[in-house]
Amino acid sequence: MKHEEFRKEKHHGRDHHKRKDRGHKGAKTFRRGRAIAFLDMMNLKRSTIKQQLEAPEFQTIQPILVGELKAIDMVINEFIQLFEIQENEMSETAQEEIVAEEHSLQKKVESHDLEDGGGME
């Protein structure tokens, strides 16, 4: 009788251990999913600030918005590096915004170079 109880406890312990392992991987995936959702939320806030920056009714607080945009960009970049988030994990909208921002930045640099004589003196 004691032998049977021992076997049941041992068997139960193994099942519990297996569930714990599966739950652990699930928790990691769940946390990663939450991190990516947070990143998407940060990108949404970033796009809202960009829209405000371009709107005429926010011209009086434009320096504040520029500061907020720089700060949120810094947080986003640090978050991506900290959690080692790859492009394929981000939402398509976030990826499109990053590409659009890179193109916009490149155009600003090119137009600045043209104004300065292309860097030639």
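Excluded from the calculations below are hydrogen atoms, water molecules and symmetry mates; all remaining heavy atoms, backbone and side chain alike, are included. Everything quoted here is computed from the prediction, not taken from an experiment.
- Tracing side-chain contacts under 4.5 Å through hydrophobic residues (I, L, V, M, F, W, Y), one reaches Ile49 starting from Met41; they form part of the same cluster.
- Residues Arg32 and Glu84 share a closest heavy-atom pair of NH2-O, 2.9 Å.
- Under the ring pair (Phe, Tyr, Trp, His ring centres under 6.0 Å) criterion, no residue pair touches residues 41-75, with sequence neighbours excluded.
- Arg46 is listed as a side-chain neighbour of Lys50, based on a closest heavy-atom distance under 4.5 Å.
- When the options Asp73, Ile72, Ile80 are evaluated for a side chain to side chain contact (heavy atoms under 4.5 Å, CB included) with Met42, the one that passes is Ile72.
- Counting only heavy atoms from C-beta outward, the side chains of Gln59 and Gln62 approach each other to under 4.5 Å.
- Atoms CD and CG, on Glu54 and Leu65 in that order, are 11.0 Å from each other to the nearest 0.5 Å.
- For Phe83, the ring pair (Phe, Tyr, Trp, His ring centres under 6.0 Å) partners at least two apart in sequence or on another chain are Phe79.
- Contact of the Val75 side chain with the Glu78 side chain is not registered, since no non-hydrogen atoms from C-beta on lie closer than 4.5 Å.
- Of the inter-residue distances, the one linking Ile76 atom CD1 with Asn43 atom CG reads 4.0 Å to the nearest 0.5 angstrom.
- Of the options Ile64, Leu69, Thr48, Ile61, a side chain to side chain contact (heavy atoms under 4.5 Å, CB included) to Leu53 is made by Leu69 and by none of the others.
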